[in-house]
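A note on names: the letters A, B, ... follow the listed sequences, proteins ahead of strands, and every chain is numbered from 1. Heavy atoms only: backbone and side chains are in, while hydrogens, waters and symmetry mates are out.
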Amino acid sequence: MWYRHGMKNWRSLAIVGLAVICAVGTAAPARAGKGVTLLNVSYDPTRELYREYNDAFAAHWKQETGQVLTVDQSHGGSGKQARGVIDGLQADIVTLALAYDIDAIASHSKLLAPEWQTRLPHNSAPYTSTIVFLVRKGNPKGIRDWGDLLKPGVEVITPNPKTSGGARWNYLAAWAWALKRELGDLNKLDDPKQAAAVAAAQAKAKAFVGELFKRVPVLDSGARGSTNTFVQRGIGDVLLAWENEAFLAVNELGPDKVDIIVPSLSILAEPTVAVVDANVDAHGTRKVAEAYLQWLYSPTGQRLAAKHFYRPVSVDMVDPALLKRFPALELVTIDQVFGGWKVAQKTHFDDGGVFDAIYAK
Amino acid sequence: MSITVENIRKSYGAFQALRGVSLDIPDSQITALLGPSGSGKTTLLRIIAGLEKPDEGSGPIRFHHEDVADRRVQERRVGFVFQHYALFKHMTVFENVAFGLRVRPKHERPANDVIDRKVHDLLKLVQLDGMAHRFPSQLSGGQRQRVALARALAVEPRVLLLDEPFGALDARVRKQLRAWIRRLHDEIAITTIFVTHDQDEALEVADRVVVMNEGRVEQAGAPEEVFHDPATEFVMNFLGHVNVFDGRIEDGKVTFASVQIEHPVALESAAGPARVFIRPHELSLHLLPRSDSLPATVTGIHAAGPAVRLTLAAEGDHTFSADISQDVYRALKVAVGAKFWVLPKDLRVFPGGAPDSDRL
Amino acid sequence: MSLRPATAEPRWVRTLLLTITMLFLAAFLVTPLVAVFTEALRKGVAAYFAGFDDPAVRSAIKLTLLTAGIAVPVNVVFGLAAAWSVAKFEFPGKSLLTTLIDLPLAVSPVVSGLIYVLVFGLNGWLGPWLKAHDLQVIFAVPGIVLATVFVTLPFVARELIPLMQEQGTEDEESALTLGASGWQTFWRVTLPNIRWGLLYGVILCNARAMGEFGAVSVVSGHIRGKTNTVPLQVEILYNEYNFVAAFAVASLLAMLALVTLAAKSFIEWRMTSAPASPAVPGDPT
Amino acid sequence: MRLPRRQHSVLPGFGLTLGFAVVYLSLVALIPMCALFLRARGLGWMGFWSTVTEPRVLAACRLSFGAAFIGATLNAVFGFIVAWTLVRYRFFGRRFIDALIDLPFALPTAVSGIALTTIYAPNGWIGRALEPLGIKAVFTPRGVVIALTFIGLPFVVRTLQPALEDLEADVEEAAASLGASRPQTFRRVIFPAIVPALLTGFALAFARALGEYGSVVFISGNLPGKTEIAPLLIVTQLEQYDYAGATAIAVLLLVISFAMLLLINLLQRWSGRRHLRGM
């Protein structure tokens, strides 16, 4: 009798187990619906740009092919978004803050080819940007260039370079400026004869950046968090920001509150874009995905980029009135100063790198 | 419906609640399971009801020759009244009583008007007809008890099982309900078993008393039988107040305190220690010594009641009680400090030492 | 001067304690609540309602309702089953089971999300299999539901276990002796007995299900209009400098919290003051 | 028959309900958690040890533990006063305040974080008042404590309330009749009786605070080594594709949470009651 009872218990357990598995396992099919859908996984400051671009491209695509296109949009910190794609976020397209994050997708997941950056013009960056300063209205602390950030009593706001792509650009721009100050001419970096001077300059740059980050009271995880901290909370005297973020902040949050200051030298930030091969092939969206990115280089794409304060790569396609908004300054590239992303990441941002050393004490 | 159980065992981990109980419950009578807490009486009742499973190797449980040991509680058709009644708080009195009828399978379920009539008949029987639409929380303890009884009777049980039916009531209501249950039983004549730890209750209500202790049946019989002819020390001790003396058996006589008395048990037993039990009303007080009487001093008087209870101290640190009538109390002019000769009119002797005198 | 009862504090102590209570609660509870509504209404009622006039917000509300609509019922079933087995039976490993039921309460929300990434992610245990079958769990609705189910798992069970333990088994046994089947006993006796406690558990579970941020954030993928729940949408609006809309949507959740609290007070009042409520139990058979 | 070794009750459904509960719990919670341990095992003991003893991880854990401890302590002190006034005194708005206690529980943590930051920032309602005093509330460890105090409050109050309600007045009257002053009665009669509940509430608030993420990230400032909490570090590690490091910290938190829960259960057994309302 006890035995029979036991069987019953096990049977009911099995039934229940199956039921739960069914309930849990009703995973959604990855795609559904009519027409074609793209998922563009992007980073925080591109919200406004892609909102407009998606509509424009969908209309263009409809005209070209008659197909109804919907572009789903996901925004977040660049690193977080890359991790999402690695873990299975079904992105057809990634438009991230820096090439390193797309490299990470390629190396961690085999979802896209390692040579992705060569497939589109201009290093796969259809628009560029740079790093500028946002200060309180009237610039009460008199900040003109990177050196002024170390004035006594100046508080600097930047996101965390560990988690924010924009913050890595901030960090590298500051470093490049310090090198330039020490060396006078950045070409010396490639001159073997100047090795001793370069080493001394690198040490000075490290000290400068270390001192700079000591003046940071809040490290938000993303660019938007930092802007909110600076503008909404009123914390800090200067915000290191994407040029487009700075313009947007002035427009959205009040020209009466903040001013943009352009330093003498900054870095050429190249937000890169790529098609995620494995995903577009699974979704059957390669054609439209590739067209989507190509069209970023078209006059419309370039115009929209410029409208949203990204520097277009093909200036000749864009209304000069729009271009006038971008101030001229000396821009250095990451390849030129740091030997490319992989080296920069390893030296500065990986665990145990230079950035960690700043906070190690 | 007579009930027979054989060799019922039940243990909870290391604790043995029932150590092999066999019992015959006669048809249409009230049987009381009497014993101190932990004696296994409630466990036995729950096993009969089917609320507990006896251990492997236990004997059958027969309801009138039919072994119901493998029957589920729903199929045994027992009416069970719980100590705290277990009335369904969210249902009216009416719905509580009707519950057993409403949960029957559709083809056996009586029509609504039949249920209605039946419930009202039952409520009339337990004298609660006007209360049908009240909720249990609006009733007194005694009324709740009667609702529980009516609910149990509604399913026309073959046997009625009551777990400490008067336990949660105050003294006055208890007394009333005892008599009422007795009358009710005479009316419906259903085999009834109830559990109690109150010997007065058992002796007054039951046709048969089963005295239990430590998972065993000590004695089963009519109330007079167990009271006047207890089979064991435990029964003697448990049924009513009793004075206990440690004594010895020698030469056919029993010696305790300072007296030596002839007793039939002493004649049959070998010499050795013995325990002497005397109920307080079996002692009489005398001003002059008699043979077999022992001198004692009154140390306390409790005169408020039909009888007067005296506390007495005898030589050798013996303290005991004696009950005398109010007449005798006044005639002898009893006062604290007075000395009397105390004569046992009757006594019971159990050969053997004093094992666990604090068992009660 | 009247004599103060022996078991009361002097007036100044009472005043002091009351003042501390009020200040503490004002600093920690009332101001955040007020802040949410103030910010939401900063630009007036029209701007407040304009905050909801956004397909992404509406889809976030829909997704949140769907998530709670799945998570709450399954956790109710689980809570009932767990409470029934724990409260009404003795078995070895019982206290381990109750500890494990409590575990999601103390697990960091981030970890709660992470574990599902490790199981269902592309590089997780089931990732390759799911991909082969074109199924998507994390960064889609099922993952959000799972994470929510995990975080809200203990609520109903925690509410019911002590309640059912307190009530004992007499009522159920009584129903059984009267011939009721197991299901009848459950529906007609157990459920009415625990209904207020159950509702209380449901309300807390629902509040948490709708408000969960950390765990859902890890598994959501943040696809606008598709995998954003209300708390995530609040963050997004906030990050879009759309503060009024962010707080307007947040005020929805704050109002949910207030409604929850009101419902809870009502239930507590019912539980303590009106045990004898009439009820007409439906017949499920 | 292995499942129920001993079954006291004749109530049906044991196999069904326990089976369902165990299977459900395993699928939803236990098996996914195993994934965490397995992934962390990839590090090996040495790797695990070196990850969790990195200065930055240690600093984050110190902050998480320290702030959780201070928050739970604040809650123990003020939560006790709140529970006391709610149970003992009758005043206008008592019901409203009583209901409000659960707010941190019902309000999404991100909203709480944003709201608290808005209030305690230097230009916020309370922050403005603190600024002249030289007290910086947000973007300092104090901010973390504020968020964690907010999160933990209901745990302490809701555990203490029933315990205080259960205290019988006659015990206090007995103490008073034996000549004890009110403070003496409190110290020697009331307080010892509610210590178990207080400890339980403290432990629950602590365990919850240890893992809190959503509300803290807005208010803490997130400076590595200074105001970075352990759960944020998990997120940071994840975003650097360092799964092993993330899982190592997650395992550490999980094990500590589990230990806390076991401790809570022991405390509850000690105090002889498992009834925690408002949870």
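The part of D/L30 that comes within reach of chain C is its side chain, from C-beta onward, which places non-hydrogen atoms under 4.5 angstrom from that chain. In this structure, no portion of C/A157 lies under 4.5 Å from any heavy atom of chain D. Using a 4.5 Å cut-off between heavy atoms, C/V249 does not touch chain D at all. Interface residue C/L25: only side-chain heavy atoms are found under 4.5 Å from chain D. Proximity to chain D involves both the backbone and the side chain of C/L100, based on heavy atoms less than 4.5 angstrom apart. Contact of C/E172 with chain D is made through backbone and side chain together, with heavy-atom distances under 4.5 Å. Both the backbone and the side chain of D/L107 come within contact range of chain C, each with at least one heavy atom under 4.5 Å from a heavy atom of that chain. Residue C/S217 does not touch chain D at all, counting heavy-atom pairs closer than 4.5 Å. Only the side chain of C/F24 comes within less than 4.5 Å of a heavy atom of chain D; its backbone N, CA, C and O stay farther away.
Of the possible donor and acceptor atoms, one in the side chain of C/Y116 sits under 3.5 Å from a partner among the backbone N and O of D/V28.
Inter-residue side-chain proximity for D/I31 and C/W125 is flagged as met; some heavy-atom pair is nearer than 4.5 Å. In this structure, the side chains of D/I97 and C/M22 come closer than 4.5 Å at one or more pairs of heavy atoms. The shortest distance between side-chain heavy atoms of D/V23 and C/F78 does not fall below 4.5 Å. A 4.5 Å side-chain heavy-atom check between D/L18 and C/L97 finds at least one atom pair inside the cut-off.
Among the candidates C/V230, C/V77, C/L258, the residue making the largest number of heavy-atom pairs closer than 4.5 Å to chain D is C/V77.
Partner of C/R14 under the side-chain contact (heavy atoms from CB on, under 4.5 Å) criterion, out of D/Y89, D/W84, D/F91: D/Y89 alone.
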